[in-house]
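Each ligand, and each atom within it, is numbered from 1 in the order the structure gives. Just so it is clear, the structure is predicted and the values come from calculations on it, not from any experiment.
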Amino acid sequence: MVTIKSAREIELMRAAGKILGKVHQDLGKELKPGMTTLEIDCIGEEMIRSFGCIPSFKNYQGYPASVCVSVNEEVVHGIPSNKRILQEGDIVSLDIGVIYKGYHSDAARTHGIGEISKEASDLISRTRECFFKGIHYAKAGNHLHQISAAIDSCASGYGYGIVRDLVGHGIGSHLHEDPQIPNFRKRTRGIRLCPGMTLAIEPMINAGCGNVKWLSDDWTVITADGRLSAHYENTVLITRGMPEILSITEDEIAEGIWEPGGCI
Ligand code: MF3
Ligand code: CO
């Protein structure tokens, strides 16, 4: 069942998203070569708690950390470790979920460590572009799979592989709510979008083919061909006009990729 959030729920989700945007912005600036992925998780968890939030991923279906840290060919759900050290040239996806007064926000960003290849920086910026092409259609009256198709066209146009085994989702008082939001074109229209729906839209895009496999830790998803993967996710509120990106960062707004209330 797809829920419509009340004005009170929307206020709480705005607050959760704003905190999550701040956590992403601050944690992204901590990343440097020589750091372990466990250190990233520890700093992230402390930030989340300092804002009065609970890290939603911790212990979710047994996931052991607060921040999913996925390096290079790791797509999502990498488990932080004191053995995994970031190196110059790596790309690292941070996926973070917070709960504020019972309401969730979920967002992901991929960062480069020091100087990265053009292939890597293109993949990161174009994955973000896929998200923005998608949410152009995220408004009341449109159908859900218009978002999926726009993401697909953008990624396919660059010759990238789209991860099909994992999808976006509704979000609210639970981390995962209906509907599922594929990042690829469907033969159906999907549900009609209504004001007050809140969605986590999250393209996971691979430099090579879209196929993935799971490591033996049962969490870490990696590309089947070992090539790079990037992830960009925000919690989004559907309105009558352009959507509100609840978890956007201040830096992104300053950069001008998104004007609250309008897509550029
Ligand atoms: N953004 C991911 C998702 O929506 C985060 C889940 S990670 C988990 O599925 F650890 F919580 F499972
Ligand atoms: Co998500």
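In this view, N72 and D90 satisfy the side-chain hydrogen bond (donor to acceptor under 3.5 Å, both in side chains) rule, not counting sequence neighbours.
Distance alone, capped at 3.5 Å, places no donor-acceptor pair between the S156 side chain and the S153 backbone. Between the side chain of D178 and the backbone N or O of M1 there is at least one donor-acceptor pair closer than 3.5 Å. Remark: side-chain polar atoms of S56 are paired, donor with acceptor, to backbone N or O of G97 under 3.5 angstrom.
Classified by interplanar angle (parallel below 30°, tilted 30° to 60°, perpendicular above 60°), the ring pair Y60/H176 is perpendicular.
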Check ligand 1 for N or O atoms under 3.5 Å from a protein N or O and list each pair with its distance.
from     : atom 1 : to   : atom 2 : distance (Å)
ligand 1 : 1 (N)  : D95  : OD1    : 3.2
ligand 1 : 1 (N)  : D95  : OD2    : 2.6
ligand 1 : 1 (N)  : D106 : OD1    : 3.1
ligand 1 : 1 (N)  : D106 : OD2    : 3.2
ligand 1 : 1 (N)  : E233 : OE1    : 3.2
ligand 1 : 4 (O)  : D106 : OD2    : 3.0
ligand 1 : 4 (O)  : H169 : NE2    : 2.7
ligand 1 : 4 (O)  : H176 : NE2    : 3.1
ligand 1 : 4 (O)  : E202 : OE2    : 3.1
ligand 1 : 9 (O)  : H176 : NE2    : 2.9

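Distances under 2.8 Å from the Co ion (ligand 2) pick out the protein N/O/S atoms D106 OD2, H169 NE2, E202 OE2, E233 OE2.
Using a cut-off of 4.0 Å between Lys/Arg side-chain N and Asp/Glu carboxylate O, E255 and R128 are scored as salt-bridged. For E129 and R126, the salt-bridge test fails: no basic side-chain N is under 4.0 Å from an acidic carboxylate O.
For residues 207-216, the set of pairs meeting the side-chain hydrogen bond (donor to acceptor under 3.5 Å, both in side chains) definition, not counting sequence neighbours, is empty.
Residue M204 holds its CE atom at 10.5 Å from OG of S70, rounded to the nearest 0.5 Å.
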